[in-house]
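Worksheet: the structure to be examined is printed underneath.
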Amino acid sequence: MAGVISARAGLSHSLSVTQTVPNRPLQASQLATRCTSPSFLSAKLCKTRPLVVAAAMEVSKEAPSADFANRQPSKGVLETWCNADAVCFDVDSTVCLDEGIDELADFCGAGKAVAEWTAKAMTGTVPFEEALAARLSLIKPSLSQVDDCLVKRPPRISPGIADLIKKLKANNTDVFLVSGGFRQMIKPVASELGIPPENIIANQLLFGTSGEYAGFDPTEPTSRSGGKALAVQQIRQNHGYKTLVMIGDGATDLEVCNWNAPGYYIRCKYVSLARDQLPAVVKDARQPGGADLFICYAGVQMREAVAAKADWVVIDFQELISELP
């Protein structure tokens, strides 16, 4: 694309969590207000927030509103979890408390309209590529705006995720971030968690030579519906993993190892049904080469249509840590 540079090459300086998150004990005034429900975490009720890693903040967890049998993992699920060679995490509303694109939109003055598109994308009611293009056309963020957003609104890391990743790495389990978000907003998070940049699969914003918004890279697999599944298949193929687990909160995460192998049409047609209600031809059609297990993390957002089809639903990362050897 002539005259266009990627955010990866075009950033004027390196952003890192250590630049925006003070490495010092938290004062009482820096602690986040205890919330009464997971959905509160994504609400824009407070525009000013301390530059702290959210893993150190107090965040209350409530049980999912629906009575899911998969809140209690089966023996087979636990065996798969404990034997995983690699774990792929979604980022927005999973590794981080926020939806990165919603934060960027709000920072640029297009928050409400973009949040509505994000909800559609995460519940699977529109193709992801359509939602991504629509949201970016509303924001049209410049390179300087992205830069400023990262400095003034650094990503908030979810409570417990740093401990979980540390435990996985101690068990020689590789960790990847597979996201429909943007690389430049994810790199500081990966750096803070000790995840190498080559283990990030995400979208890439494009900018003109003067830093003006020029679109996004459509060749990135996570820029379209089914892209996360393709990314995970490629990860597995490249590294030869025998057992791979996906953890996330949205329809695109479920897609990585679900029984909707034909893709978006079937996912939309059956999205309101629980797994035991799905036709056998759909229920048993796991993505070949995809993840062996899908764990729905509902500690930030509870998407009941996604949780109903998960192998295991958790609301606190400590649940996952406690089952690891």
### Query
What's the shortest heavy-atom distance between I201 and R183, and which atoms?
CA-NH2, 4.3 Å

### Task
Give the C-alpha distance, both sets of side-chain angles, the deciding distance and a yes or no for side chain to side chain contact (heavy atoms under 4.5 Å, CB included) between D174 and I235.
CA-CA 11 Å; D174 292 337; I235 289 170; over 6 Å; no

### Task
Locate the shortest heavy-atom distance separating V245 from A84; write the atom from each residue and the value.
CG2-CB, 3.8 Å

### Message
Whether the side chain of R135 engages the backbone of A131 through a donor-acceptor N/O pair (distance < 3.5 Å, no angle test) should be reported.
### Response
yes

### Beyond-backbone contact of T173 with K167, side-chain heavy atoms, under 4.5 angstrom
no

### Task
Measure the CD1-CG distance between I157 and L193 for me, rounded to the nearest 0.5 Å.
4.5 Å

### Query
Taking all non-hydrogen atoms of both residues, which atom of G250 and which atom of D253 are closest, and how far apart?
N-OD2, 2.9 Å

### Query
Which pair of non-hydrogen atoms, one from C88 and one from V232, has the smallest distance, and what is that distance?
SG-CG2, 4.2 Å

### Message
What I'd like to find out is whether the side chain of W117 reaches to under 4.5 Å of the side chain of V126, using heavy atoms alone.
### Response
yes

### Query
Can you check whether V114's main-chain N or O pairs, donor with acceptor, with T118's side chain at less than 3.5 Å?
yes

### Query
Rounded to the nearest 0.5 Å, how far apart are SG of C296 and NZ of K309?
11.0 Å

### Task
Say whether F107 and L205 are linked into one hydrophobic cluster, either directly or through other cluster members, by side-chain heavy-atom distances under 4.5 angstrom.
no

### Task
On the 0 to 90° scale, with breaks at 30° and 60°, tag the Y297-F317 ring pair as parallel, tilted or perpendicular.
parallel

### Task
To the nearest 0.5 angstrom, please state how far the CZ atom of F176 sits from the CZ atom of F89.
12.0 Å

### Message
For the backbone of T80 and the side chain of T243, can you confirm whether one donor and one acceptor N or O come within less than 3.5 Å of each other?
### Response
no

### Query
Are F294 and L230 connected, step by step, through hydrophobic side chains (Ile, Leu, Val, Met, Phe, Trp, Tyr) whose heavy atoms are closer than 4.5 Å?
no

### Task
Please examine the side chains of W81 and I247, heavy atoms only from C-beta on, and report whether any two atoms are closer than 4.5 Å.
yes

### Query
With no hydrogens and no angle check, is any side-chain donor or acceptor of D98 less than 3.5 Å from a backbone partner on G100?
no

### Task
Kindly compute the distance separating CG (L136) from CD1 (I101), expressed to the nearest 0.5 Å.
4.5 Å

### Task
Mind running side chain to side chain contact (heavy atoms under 4.5 Å, CB included) on Q184 and L143 for me, showing each step along the way?
CA-CA 10 Å; Q184 62 270 32; L143 183 57; over 6 Å; no

### Task
First locate atom CD of E99, then atom CG of D106, and finally report the distance between them rounded to the nearest 0.5 Å.
13.0 Å

### Task
May I ask you to decide if S225's main-chain N or O and E129's side chain share a donor-acceptor pair within less than 3.5 Å?
yes

## Note on the structure
Scanning both residues in full, the closest heavy-atom pair of I200 with A190 reads CD1-CB, 3.6 Å

### Task
Using only heavy-atom distances, determine whether the side chains of N83 and E79 contain a donor-acceptor pair under 3.5 Å.
no

### Query
Is it true that atom CD of Q72 has more than 12 heavy atoms of other residues, nucleotides or ligands lying nearer than 6.0 Å?
no

### Message
Does any part of the side chain of W312, heavy atoms only, come nearer than 4.5 Å to the side chain of L78, both counted from C-beta?
### Response
yes

### Query
How long is the gap from CE on M185 to CD on E103, to the nearest 0.5 Å?
7.5 Å

### Task
Say whether, by atom type as modelled, one donor and one acceptor occur between the side chain of S158 and the main chain of V95 under 3.5 angstrom.
yes

### Query
Do R71 and E319 have side chains that get closer than 4.5 Å, going by heavy atoms?
yes

### Query
So, the side chain of S223 versus the backbone of N203: is there a donor-acceptor pair under 3.5 Å, distance only?
no

#### Entry: Working for side chain to side chain contact (heavy atoms under 4.5 Å, CB included), residues L324 and L164
CA-CA 9 Å; L324 290 172; L164 174 55; 4.1 Å; yes

### Query
So, E212 side chain and S210 main chain: donor-acceptor pair closer than 3.5 Å or not?
yes

### Message
Treating R224 as the side-chain partner and F128 as the backbone partner, does any N or O pair qualify as donor plus acceptor under 3.5 Å?
### Response
no

#### Entry: Closest contact, heavy atoms only, Q301 versus S93
CG-OG, 3.7 Å

### Message
Quick check: do V146 and F182 have side-chain heavy atoms less than 4.5 Å from each other?
### Response
no

### Query
Do D292 and D311 have side chains that get closer than 4.5 Å, going by heavy atoms?
no

### Query
Pick from V91, V189, L97, D92: which one makes a side-chain contact (heavy atoms from CB on, under 4.5 Å) with P155?
V189

### Non-hydrogen side-chain atoms of V306 and D249 separated by less than 4.5 Å
no

